[in-house]
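A short worksheet on the structure shown next.
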Amino acid sequence: MRRSTAITMLLITGIVAIVGVALVLDSRRSVSGDRFVGSDSAATSQIEKDNPDYEPWFTSVFTPSSGEVESGLFAIQAALGGMALGYCLGALRGRRRAEAIIARASSPTPGQP
């Protein structure tokens, strides 16, 4: 087995282990109603619970009409971020390959002047 294949297999195993541990730890949580609530909603509900007279000092410019629209916008944001990250990684890899090809082409081969 090549070294890069072994490293890839170890990384995949690590990712599967991290996801598995997170799922096991999450399944032990006792609060079932707030399982998939985001941190913003959890913080807002805690603030309103601790300070009933609290009034927000800022309102959002745009408020999605429903939770589904909000989730869709979040998914689009995540997809755009993933595409930007993938493009950057691909560009860096392409640059490295081009540099390696140029280095190979410019280096003298053994036996030739």
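Worth knowing before you read on, the calculation uses all heavy atoms, side chains too, and leaves out hydrogens, waters and symmetry mates. Everything quoted here is computed from the prediction, not taken from an experiment.
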In Å, rounded to the nearest 0.5 Å, how long is the span from [atom1] of [X] to [atom2] of [Y]?
| X | Y | atom1 | atom2 | result |
| --- | --- | --- | --- | --- |
| Met9 | Thr5 | CE | OG1 | 8.5 Å |
| Asp40 | Ser45 | CG | OG | 11.0 Å |
| Ile7 | Ile12 | CD1 | CD1 | 12.5 Å |

Got a sec, which pairs hit side chain to side chain donor-acceptor pair (under 3.5 Å) with one end in residues 68-87, sequence neighbours left out?
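Matches after skipping sequence neighbours: Ser66-Glu68.
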
So which residues get pulled into [X]'s cluster when ILVMFWY side chains under 4.5 Å apart are joined, directly or through others?
| X | value |
| --- | --- |
| Leu85 | Leu89 |
| Val21 | Leu25 |
| Ile76 | Leu80, Met83 |
| Leu73 | Phe62, Val69 |

Who are the side-chain contact (heavy atoms from CB on, under 4.5 Å) partners of Arg93, not counting sequence neighbours?
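By the side-chain contact (heavy atoms from CB on, under 4.5 Å) rule, Arg93 matches Arg97.
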
Applying side-chain contact (heavy atoms from CB on, under 4.5 Å), can you list everything that pairs with Phe58, at least two apart in sequence or on another chain?
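Partners of Phe58 under the side-chain contact (heavy atoms from CB on, under 4.5 Å) test: none.
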
Please tabulate, for side-chain N and O atoms in residues 50-57, each donor-acceptor pair with protein atoms closer than 3.5 Å (sequence neighbours left out).
residue	atom	partner	partner atom	Å
Asp50	OD1	Gln46	NE2	3.1
Asp50	OD2	Gln46	NE2	3.2

Residue list, side chain to side chain donor-acceptor pair (under 3.5 Å) with Ser4, at least two apart or on another chain:
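Once residues adjacent in sequence are excluded, the partners of Ser4 under the side chain to side chain donor-acceptor pair (under 3.5 Å) criterion are Arg2.
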
